[in-house]
2 protein chains.
Amino acid sequence: MVGARDVRVRKREWARAEILAAAWRLVRSDGIAALSMRDLAAEVGMRAPSLYNYFPSKNHLLDAMYAQGMQQMDELVRNSPRGRNPRETLRNRARAFVAGAVQDPFRFQLLFERPIPGFVPSPESLAVGLTRMKETSEMAVAAGLRGQRELDLFMAITRGLVAMQIANEPGGDRWVSLVDEGVDILIAHYTATDQRRRTRRQRADGAD
Amino acid sequence: MVGARDVRVRKREWARAEILAAAWRLVRSDGIAALSMRDLAAEVGMRAPSLYNYFPSKNHLLDAMYAQGMQQMDELVRNSPRGRNPRETLRNRARAFVAGAVQDPFRFQLLFERPIPGFVPSPESLAVGLTRMKETSEMAVAAGLRGQRELDLFMAITRGLVAMQIANEPGGDRWVSLVDEGVDILIAHYTATDQRRRTRRQRADGAD
DNA sequence: GTCTATATCCAGATAGAC
DNA sequence: GTCTATCTGGATATAGAC
């Protein structure tokens with residue numbers, strides 16, 4: 001049984017979701033900086049003041065968009081298929097991240113490029129991204145990328161591929177298609193380095 | 001001998017340069033999106049309408065800033081020291097680019113992240129960047145990065161290092177310090193690949 | 001919850017006096 | 001060339017009727 005209160009709450013949440021969806025539509029067509037409360041209200045068939053019943057300020061709206069975008073990226077990455085080995089799994093995650101990023105450049109911009117002077121995401125929203133990066137780090141370690149430097153370089157490559165793709169060939173796959181290669185090169189290099197390091201240590205230990 | 005006309009022209013150009021410098025000061029402190037003609041005028045001790053004697057519109061001002069920023073990045077990269085071999089030279093160029101980018105994040109944003117909805121740089125300004133990229137490509141080829149994929153990956157790495165540095169540790173060098181390593185790994189990988197390819201071809205040709 | 005009306009502020013840009 | 005005054009338009013946000 002559902003009480004009248006629950007119905008009201010649901011309606012409200014549905015309306016909030018509608019507004020958020022409309023906001024993304026506008027942002028995707030005109031950019032984040034061009035989003036205004038007036039236009040947004042018109043997009044959902046309201047006048048601007050009515051929006052303030054759902055979001056107390058534009059910053060709250062942006063924060064909700066940020067949180068939603070982060071959640072989406074998070075799901076994309078988490079739902080990427082597990083590979084037959086850590087390397088494949090890492091590649092899949094990287095591919096999922098890059099694909100999701102270039103598929104919605106303005107989402108990427110909002111999440112990672114701080115395009116709005118006054119806006120700072122709430123700590124909870126930021127936490128989603130940090131958790132995902134920590135998970136990815138664990139998988140990268142399993143795949144052979146130990147040490148902070150290796151991880152940093154890995155993250156930089158995926159980020160760079162996204163940036164180049166969006167900036168120079170939006171909608172294409174010239175850089176997107178390099179994800180596997182980039183990851184493989186890194187892993188190959190560092191596992192080979194480890195091999196050498198280990199071999200040297202064994203020799204030094206007098207083993208083998 | 002200098003005519004009265006030249007003096008006037010010089011004064012005018014000096015004023016334009018002053019305005020541009022003031023614009024960069026404002027942008028560096030508050031972000032590109034926050035730049036307004038009023039504030040800019042105040043920064044140089046004028047009222048807003050006077051600015052229109054030097055730049056016919058805000059877009060023209062932004063384009064001048066874009067061109068100037070591109071020129072600066074260009075000089076930084078071109079003035080990077082020539083190494084003892086192509087690999088060193090390429091590393092120096094990459095380091096110069098990354099250092100210049102992280103040293104002024106808002107310049108980087110204006111040049112490479114299209115933060116302003118309506119603004120599109122003029123073709124001449126864009127050409128500066130393209131020429132530099134072409135030069136870098138030639139050096140990369142000399143260093144062993146043949147083929148488009150290799151070059152694309154190289155550019156992506158430098159861009160990604162900049163992006164991560166600015167986003168996660170502005171002012172630091174955690175990612176900046178990885179430039180050499182990233183370049184070296186790429187070159188090592190692809191020259192090794194070439195070696196193998198050449199060896200195979202020689203065998204197939206019956207040579208050796 | 002949604003509206004009209006409005007407050008307040010700021011933007012880019014122009015007209016025209018000096 | 002620089003100014004005052006102003007146009008035009010847009011922004012976020014609030015008050016208060018319904």
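Per chain, numbering begins at 1; letters A, B, ... match sequence-line order.
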Exercise for the section: Measure from the ring center of B/Y66 to the ring center of B/F108 and say whether it is less than 6.0 Å. Expected result: no
Quiz question: by atom type and distance under 3.5 Å, do the side chains of [X] and [Y] form a donor-acceptor pair?
X: B/R107; Y: B/Q72; answer: yes
X: B/E75; Y: B/N79; answer: no
X: A/S80; Y: A/R93; answer: no

Starting from [atom2] on [N], measure out to [atom1] on [X] and report it in whole angstrom.
X: B/L51; N: C/dA11; atom1: CG; atom2: P; answer: 12 Å
X: A/K58; N: C/dC10; atom1: NZ; atom2: P; answer: 16 Å
X: B/K11; N: D/dT2; atom1: NZ; atom2: C1'; answer: 14 Å
X: B/L35; N: C/dG12; atom1: CG; atom2: C1'; answer: 12 Å
X: B/D39; N: C/dC9; atom1: CG; atom2: C1'; answer: 13 Å
X: A/L40; N: D/dA13; atom1: CG; atom2: C1'; answer: 15 Å
X: A/F55; N: D/dT14; atom1: CZ; atom2: P; answer: 16 Å
X: A/F119; N: D/dT12; atom1: CZ; atom2: P; answer: 14 Å

Considering just the side-chain nitrogens and oxygens of [X], establish if one lies under 4.0 Å of OP1 or OP2 belonging to [N].
X: B/S50; N: D/dC3; answer: yes
X: A/R38; N: D/dT12; answer: no
X: B/S36; N: C/dA11; answer: yes
X: A/Y52; N: C/dT2; answer: no

Fill in the blank from the handout: Taking C/dG12, D/dG1, C/dT2 as options, the one with an atom nearest any side-chain atom of A/N53 is C/dT2
Problem - Nearest-neighbour nucleotide for the A/P49 side chain, D/dA5, C/dG1, C/dT4 considered - result: C/dT4
Handout entry: Pairwise 5' ranking along DNA chain C for A/R47 and B/M37, keeping only the more 5' one
Key = A/R47
Problem - Lys/Arg-Asp/Glu bridge criterion (N-O < 4.0 Å) met for B/D6, B/R10 - result: no
Exercise for the section: With DNA chain D as reference, determine whether A/N59 or B/G45 sits nearer its 5' end, using the nearest nucleotide of each. Expected result: B/G45
